[in-house]
Protein chains: 2
Amino acid sequence: MGSELTETNTSSDEVAPTLSAVAKRAGVSSITVSRVVRLPDLVAPETRARVEKAMRELGYVPNLVAGALASAKTNSVGVLVPTIANSIFADTVQGLSDKLEPLGYSVILAQSRYDAAREDRMLAALLSRRPEAIIMVGSPATEDGKRLLRHARIPIVETWELPIDPIDAVAGFDNYQAGVAVARHFIEHGRQHLAFIGGDDPRGTRRWLGFQDHALACGLQPPRRLILERNASGSVAAHANLPGVDAVFAANDAHAIGFMAGLRKAGLLRDGPAAAQPVAVVGLGDLEMGRLISPSLSTISVHGDAIGRTAATLTLERGGERRIDLGFELVLRDSG
Amino acid sequence: MGSELTETNTSSDEVAPTLSAVAKRAGVSSITVSRVVRLPDLVAPETRARVEKAMRELGYVPNLVAGALASAKTNSVGVLVPTIANSIFADTVQGLSDKLEPLGYSVILAQSRYDAAREDRMLAALLSRRPEAIIMVGSPATEDGKRLLRHARIPIVETWELPIDPIDAVAGFDNYQAGVAVARHFIEHGRQHLAFIGGDDPRGTRRWLGFQDHALACGLQPPRRLILERNASGSVAAHANLPGVDAVFAANDAHAIGFMAGLRKAGLLRDGPAAAQPVAVVGLGDLEMGRLISPSLSTISVHGDAIGRTAATLTLERGGERRIDLGFELVLRDSG
DNA sequence: ATTCCCCATGATAGCGCTAACATTCGGACA
DNA sequence: TGTCCGAATGTTAGCGCTATCATGGGGAAT
């Protein structure tokens with residue numbers, strides 16, 4: 001009575017059963033129940049069976065909040081990404097949680113939306129849940145954020161970059177060199193008028209810098225840079241703002257594909273090989289989609305899931321190398 | 001000494017400072033510090049300033065684990081999705097966390113990988129963290145999972161479907177009717193030989209059923225169904241297994257785009273309008289990419305982020321309608 | 001003055017669990 | 001036969017915080 005949810009024969013009362021409720025029912029002390037849950041080998045088979053029966057009958061679900069407080073272990077990791085939607089970071093989250101979940105860790109996910117203030121708030125929110133480690137994309141944008149992490153005394157893994165003075169561990173690649181690689185490729189294939197399109201987030205900017213520096217070092221005219229909104233639609237119209245440009249490095253594959261849609265409308269896209277393209281296009285991220293479209297998209301291939309898995313490993317193992325360069329690969333297809 | 005991390009002038013000792021450490025430093029009782037953190041209006045401005053100064057000096061970060069245990073409020077929600085990578089569910093996670101994070105809720109993310117056993121394990125793991133609510137894609141695959149959720153006595157939101165006997169709340173759309181809509185569209189445009197490609201997960205299967213039922217009801221030959229791996233690459237070769245088919249409904253846009261890549265290789269794709277396509281293709285999800293490729297992809301448009309935001313709302317408000325149909329829309333472009 | 005009330009603060013008792021240290025008991029071993 | 005040891009279980013004391021119920025000390029109202 002009083003509850004509209006009673007439905008099984010096993011009494012489902014008002015409140016969630018606790019360890020000691022199970023203990024009472026099984027006729028043991030609560031620490032024994034605790035052991036059945038966490039260290040079953042320490043409990044005699046018969047006792048264990050009795051306790052397990054009581055747990056089943058009561059529908060006992062352990063309270064990890066209390067367990068975490070008592071043991072000072074939350075078995076959780078905080079994950080901070082700029083955004084999870086339509087993005088390569090989803091692969092990283094997938095990779096790291098595939099590694100961590102089987103080990104009993106939970107992932108607490110937060111998004112900064114490329115906003116420094118929100119990033120700081122999210123970092124503080126994550127830390128107040130006392131995760132065993134923090135994995136984030138990039139580095140904290142503010143000194144406050146950095147200080148927060150440095151004082152947290154847990155493993156911190158920065159990803160998707162190789163910061164010079166990391167807080168703790170790093171799993172990423174060299175965005176600057178990625179920019180250099182694309183510029184070199186364009187120049188080797190006779191392109192003269194380069195441009196970069198994409199966001200102005202730290203990683204995009206680093207790609208731009210490498211791209212620009214290499215172009216200048218090779219004596220080309222200064223490449224152009226077009227900063228776009230985060231969604232790819234803006235990139236469709238981008239070529240109108242880039243007259244005379246014959247090679248474009250897009251900060252990610254979505255922008256690259258959007259840009260190609262614009263080229264197509266302008267009659268500047270061929271189904272032939274890269275050499276036939278009036279405007280060469282290279283993206284970054286190696287989306288599956290880029291392989292499927294026509295002309296297929298050349299891209300800097302980065303293994304987002306490997307970054308995630310490596311980051312997870314870095315949170316688990318304290319010793320060993322704390323700075324892992326996963327590298328990247330220039331994959332040439334038909335777009336440039 | 002003994003620590004290699006001391007660096008600020010403010011003493012950063014071995015362990016994280018607690019409420020009572022702050023209290024001692026500020027010369028107040030710990031409950032007052034607690035009030036400064038949670039209910040600042042109850043504290044006199046001068047006292048508050050003194051406490052805030054002490055918090056800053058000690059680098060105090062509240063321990064929400066302890067707070068959650070004491071107050072029986074974790075301010076977290078559990079989110080269970082099949083997968084977060086390369087998928088439309090990322091939009092849903094984004095949508096719900098955009099709504100929940102500003103309110104102080106954390107998102108605990110788990111992935112089932114379309115595996116019933118793993119789903120059950122993840123549900124149990126989530127529940128043991130005592131979230132205020134659970135939001136999941138679809139319904140639990142097993143009775144065990146359903147029972148777990150029914151006994152949890154927290155809001156449960158099932159999404160991306162409209163189950164007949166929901167556990168609690170629902171934010172989704174009618175996958176069966178989506179299948180019907182695509183079949184109707186194909187038939188109205190004179191297509192005779194229909195096929196469905198995609199996964200055999202519950203939602204995909206429901207789409208298939210609607211698609212099949214409507215085709216049969218209209219007197220067409222039984223449509224074919226090709227079950228594919230989750231990645232789109234498999235769909236590239238799919239058309240070879242579908243001789244004579246002139247209209248294909250792909251369970252998601254990625255498969256649709258992959259299938260179109262196969263059609264292109266086979267010379268069965270035109271840059272013209274839908275009527276000119278030897279094989280009409282309709283996807284589901286309305287990926288931005290589908291709008292950008294050529295021919296542009298017709299699709300069932302579903303607002304993944306709206307599903308997420310709606311689900312978040314349903315976890316917060318107990319009263320009101322608990323079954324929200326977000327609908328879908330058949331968006332016709334050039335592919336079919 | 002006295003009463004009342006509200007504002008600011010404090011003392012106390014847990015939340016549900018686990019770490020750390022008993023305790024008990026039966027058998028192996030000398 | 002006594003000693004020792006390990007296996008199985010229990011006792012105790014918190015983890016860091018918050019809910020709840022005091023407490024004291026001004027005004028405002030009478």
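Every chain is numbered from 1 and lettered A, B, ... according to where its sequence line falls, protein lines coming before strand lines.
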Hey, does the side chain of A:S29 come within less than 4.0 Å of D:dG10's phosphate (OP1/OP2), counting only N and O?
yes
Check this one for me: any side-chain N or O of B:Y60 less than 4.0 Å away from OP1 or OP2 of D:dC17?
yes
A:V37 or B:V28, whichever maps to the more 5' nucleotide of DNA chain C:
B:V28
Using a cut-off of 4.0 Å on non-hydrogen atoms, how would the nucleic acid contact of A:V65 be classed: base, sugar-phosphate, or nothing?
nothing
Is the phosphate of D:dT18, meaning OP1 or OP2, less than 4.0 Å from a side-chain N or O of B:S34?
yes
Compute the angle between the rotation axes at the two ends of the helix from C:dA1-D:dT30 to C:dA30-D:dT1, each taken over five pairs, rounded to 10 degrees.
40°
Using whole Å, what does the distance between atom C1' of nucleotide C:dT18 and atom CG of A:L64 come to?
12 Å
For nucleotides 19-22 of chain C, which of its nitrogen or oxygen atoms have a protein nitrogen or oxygen under 3.5 Å away, and what is each distance?
| residue | atom | partner | partner atom | Å |
| --- | --- | --- | --- | --- |
| C:dA19 | OP2 | A:R38 | NH1 | 3.1 |

Describe the nucleic acid contact of B:A72 in one word from base, sugar-phosphate, nothing, applying a heavy-atom distance below 4.0 Å.
nothing
Report yes if at least one side-chain N or O of B:S20 is closer than 4.0 Å to OP1 or OP2 of D:dG16; otherwise report no.
no
What one should report as the nearest heavy-atom pair of A:P155 and A:D168 is CA-OD2, 3.1 Å
Is there a side chain to side chain contact (heavy atoms under 4.5 Å, CB included) between B:V36 and B:E52? Walk through the geometry before answering.
CA-CA 8 Å; B:V36 170; B:E52 279 164 349; 4.0 Å; yes
What is the distance from CG of A:N63 to P of D:dC17, rounded to the nearest Å?
17 Å
Residue pairs passing the salt bridge (charged side-chain N to carboxylate O under 4.0 Å, His left out) test where at least one lies in residues 105-116 of chain B, sequence neighbours excluded
A:D98-B:R113
OG1 (B:T92) and CD1 (A:I84) are apart, to the nearest 0.5 Å, by 12.0 Å
For nucleotides 5-7 of chain D, tabulate all protein N/O to nucleotide N/O atom pairs closer than 3.5 Å, reporting atom names and distance.
none

Taken in chain and number order and not counting sequence neighbours, the residues that satisfy salt bridge (Lys or Arg N to Asp or Glu O under 4.0 Å) with A:K53 are A:E57
Begin with the C-alpha distance, continue with both residues' side-chain angles, and end with the deciding distance and a verdict on side chain to side chain donor-acceptor pair (under 3.5 Å) for A:R129 and A:S76.
CA-CA 9 Å; A:R129 306 220 173 241; A:S76 65; over 6 Å; no
Would you classify B:S30 as touching base, sugar-phosphate or nothing, given that sugar-phosphate means primed atoms plus P, OP1 and OP2, and contacts are heavy atoms under 4.0 Å?
nothing
Rounded to whole Å, please give me the gap between CG in B:L69 and C1' in D:dT18.
10 Å
For A:E132 and A:T315, does a side-chain donor sit closer than 3.5 Å to a side-chain acceptor?
no
Starting at CG of B:L314, measure out to CZ of B:R309 and round the result to the nearest 0.5 Å.
13.0 Å
For D:dG10, does OP1 or OP2 lie under 4.0 Å from any side-chain N or O of A:T32?
yes
From CG of B:L19 over to C1' of C:dG10, roughly how many Å is that when rounded to an integer?
14 Å
Do you know which of A:D41, A:V28, A:L42, A:V51 makes side-chain contact (heavy atoms from CB on, under 4.5 Å) with A:R35?
A:L42
Nearest whole Å is fine: how far is D:dT18 P from B:K73 NZ?
12 Å
Would you say A:K146 has more than 12 foreign heavy atoms packed within less than 6.0 Å of its NZ?
yes
Distance in Å, A:W160 CH2 paired with A:I88 CD1, rounded so as to fall on 0.5 Å steps:
4.0 Å
Of all residues at least two apart in sequence or in a different chain, which pass the side-chain contact (heavy atoms from CB on, under 4.5 Å) check with B:S112?
B:L80, B:P82, B:E119
